[in-house]
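What follows is a short report on a single structure.
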Amino acid sequence: MQGAIDSTPVVTGHEVAAHEEHQDLRVLGLITFLASEFLMFAGFFAVFLVFRGSHVQWPPEETEVELLLPAVNTLILVSSSWVINLGTKAIKKNDLAGMRKWFGITAAMGAIFLAGQVYEYMNLGYGLKTNLFSNCFYLTTGFHGAHVFIGLLLILGVLWRSRRANHYTDITHTGPEMAEIYWHFVDVVWIVLFSLIYLLTLI
Amino acid sequence: MSNASLDAIAAKSDQPFPGAPNNWRRFFSFSTDHKVIGIQYMVTAFVFFLIGGLLAMVMRGELITPEADLVDRTVYNALFTMHGTIMLFMWTFPMLNGLSNYLVPLMIGARDMAFPRLNAAAFWLVPVFGTLLMVSFFIPGGPSQSGWWAYPPVSLQNPTGNLINGQVLWLLAVALSGVSSIMGAVNFVTTIFRMRAPGMGWFRMPAFCWTVLSAQMIQLFGLPSLTAGAVMLLLDLTAGTSFFDPAKGGDPVLYQHFFWFYSHPAVYVIILPIFGTFSEVFPVYARKPLFGYRFVVVSSLIITVLSAMVWVHHMFASGTPSWMRMLFMFSTMLISVPTGVKVFAWVATVWGGKLRLDTPMLFALGGLVCFLFAGITGVMLGAVPFDIHVNNTYFVVGHFHYVIYGATVMGIYAAIYHWFPKMTGHMYYEGLGKLHFVLTFIGVNLNFFPMHPLGLMGMPRRVASYDPEFAYWNVIASLGGFLLGVSTLPFILNIVSSWVLGKRAPANPWNAIGLEWLIPSPPPVENFEEIPIVVSGPYGYGSDESLVANNPAGELISEHS
């Protein structure tokens, strides 16, 4: 029984001193949600792999993918994960200007990624309806793009809120932290997506 | 700790005090109090239960004669589609979310859920997607007719040619329901992990909270699959893709995998909180501790894990290769082990107890009997040869109605009666409650037992007309169906009249053990004057051990008890 007591979450008098004060569990909630959201992408990837396995030529002839632009895009998105991390590190040292700078750069990198994605869509020469491969291609990249867009809005939201002095400090930085976690999530999804849809065509 | 908690305070301060009279308006507001949201969920869900029940009675009216004479066949298709969809997505899920919402924070000694505003947003999506689904009755072509599975290629047909058709509205409603459920699941899991009162270790947590945790974890891993499937089906239907369209190279069986990977575990999302209710109710009315508490709660988690590995048993007749059938037959049989552990534990709890046959106990016992019967037919259906024989017959319909009505709805009634005094501060009328039980129990068996012989005789499901040789059992089933309709009347009368006029309920009318029974009925805003310090496990019936080291109700308890 002693062990059971030890595993009790720490709810000390400090956290619930006032009736109205609640614990801040937003980071844990976000991670739970993203774990679930990742499984939705897993479903889309599973469909892609099933169709890949049941077709002799995949991708079919008229729907090849371009590699150079997505590779550059990958580089931009993956490195932006480091940039946003510098931003949250800055705010943990109470360096608001630093955080604003790094978050601004991350937002710009995200915007460049999205612009690259749109450019790719417009120059591929095939659309959503062309065949099963293009169905999967636009579905996965489109859903990922939508998530990047939401991440971009979160980062811009953090920047907007950081105008107020002392809104984010070395103690209160849950907002930037959550934006960072979300941004890492779209990054990880992209790495899987890029490996499956682009790199697998090389084999 | 951060800005969000400050915002939460601002949102809270506008709220009327729940204990104050004439503040029924709070139930129509964007309240962030988990108790208000719980009741909002339950009442909304019950309204949809009545709608879904009316649709079922029209179907039973049609089936009372062999000919298709009461409604058109296409209307009949729409009826069973909407009946299934409403009963699952708008009755059982929201109802159980409501119960869990009300009870979990009270049972673990928390003042609210982890994310009160997210909680409210998740609830308010229910009327939104409910309305969306209801709208499909009034558009050209009517509601979806492809059953609650919406299997392609049937669900890909669009006879009216309109962009807004019944199937599209169905898909949007189901997707929104998924969003709402995910919001709820994130909230429950976080709350149970991090907001338990001091001293409440995992194995001091009431079994109900364990089952809610297990059920909500299923939502987290299962729902993304349904959402993904629904998104692709929606694109096939509206944007011209061909994921599931065999005419254009797509794979319709793939959709079945997506659908059942969620929708089979979903039945555990429904039944697990009912298992929790049984585990709470039996000890109280048998005056004995829950038998094998640790086995009971751990078997919930085992069910959660196994539930992810059984979905193909819905697809034995979908061209599934035989090695896969064998595998899923085995895993399906396996899941009856933790379920059997629970059933034995409940029987052992009741065995030799000082039984008090109040309405909650009657419903729980009735529910257990129905569940046992459904479990036996479930194991039969899990065996491939038998399943191939009765696939798509009324045997299957009978089996899952015993689970969903016999066990789940009766379990829900048990929970409502058991916690009604706590939620409203009034006692219900015992006589009306017992009448409700008798009508429901007879109705369930009259309605759903005949489906088993019908299935064995070969009557297919989802048909508006049938061979006259099936008429005998169908007439009995239809009479049972109408009786079930009638059975809701004493319930509604009981709930409404006792909520308004009933005797005041004390803090602990059943002499039950649990944190929720230590505070006044109804619980005040923020539940606990003082956060309880838990010093012993649940279900300490027959022992002198105290559950808590302090008085979580503060001064309030003396006024009410």
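Here is the naming used below: chain letters follow the sequence lines, and residue numbers restart at 1 for every chain.
- Put simply, the side chain of B/Thr241 reaches to within 4.5 Å of the side chain of A/Leu128, judged on heavy atoms.
- Scanning both residues, A/Gly29 and B/Val186, for their nearest heavy atoms gives O-CG1, 3.4 Å.
- With a 4.5 angstrom heavy-atom cutoff, B/Phe221 touches chain A via backbone and side-chain atoms both.
- Among the candidates B/Thr190, B/Asp236, B/Leu226, the residue making the largest number of heavy-atom pairs closer than 4.5 Å to chain A is B/Thr190.
- Proximity to chain A involves both the backbone and the side chain of B/Leu220, based on heavy atoms less than 4.5 angstrom apart.
- Of the residues considered (A/Val50, A/Thr130, A/Val47, A/Leu28), A/Val47 shows the highest number of contacts with chain B, using heavy-atom pairs under 4.5 Å.
- Atom CG of A/Asn123 has more than 12 neighbouring heavy atoms from other residues, nucleotides or ligands inside a 6.0 Å radius.
- Residue B/Phe243 touches chain A through both its backbone and its side chain, counting heavy-atom pairs closer than 4.5 Å.
- Scanning both residues, A/Met40 and B/Pro224, for their nearest heavy atoms gives N-CB, 3.4 Å.
- Heavy-atom neighbours of B/Phe295 CZ from other residues, nucleotides or ligands within 6.0 Å: at or below the threshold of 12.
- The structure places OG1 of B/Thr227 at 8.5 Å from CZ of A/Phe44, a figure rounded to the nearest 0.5 Å.
- If you take CE on B/Met217 and OG on A/Ser36, they are separated by 12.5 Å, rounding to the nearest 0.5 Å.
- B/Ala239 touches chain A through backbone and side chain together, each having a heavy atom under 4.5 Å away.
- The contact between A/Leu139 and chain B is made entirely by side chain atoms (from C-beta outward), counting heavy-atom distances below 4.5 Å.
- Remark: B/Leu235 CG to A/Tyr138 OH distance equals 13.5 Å, nearest 0.5 Å.
- Neither the backbone nor the side chain of B/Leu223 has a heavy atom closer than 4.5 Å to any heavy atom of chain A.
- Interface remark: A/Phe51 contributes side-chain atoms only to the contact with chain B (heavy atom separation under 4.5 Å).
- Interface residue B/Ser242: backbone and side-chain heavy atoms are both found under 4.5 Å from chain A.
- In this structure, no portion of B/Met183 lies under 4.5 Å from any heavy atom of chain A.
- Contact annotation for A/Phe143: only side-chain heavy atoms (C-beta onward) come within less than 4.5 Å of a heavy atom of chain B.
- For B/Val534, no part lies under 4.5 angstrom from a heavy atom of chain A.
- The line from CD of B/Gln216 to OG1 of A/Thr32 is 12.0 Å long, rounded to the nearest 0.5 Å.
- Atom OH of A/Tyr121 has more than 12 heavy atoms from other residues, nucleotides or ligands within 6.0 Å.
- Counting heavy atoms of neighbouring residues, nucleotides and ligands inside a 6.0 Å radius, atom CD of A/Gln57 exceeds 12 of them.
- Between B/Lys248 and A/Leu132, every side-chain heavy-atom pair lies at or beyond the 4.5 Å cut-off.
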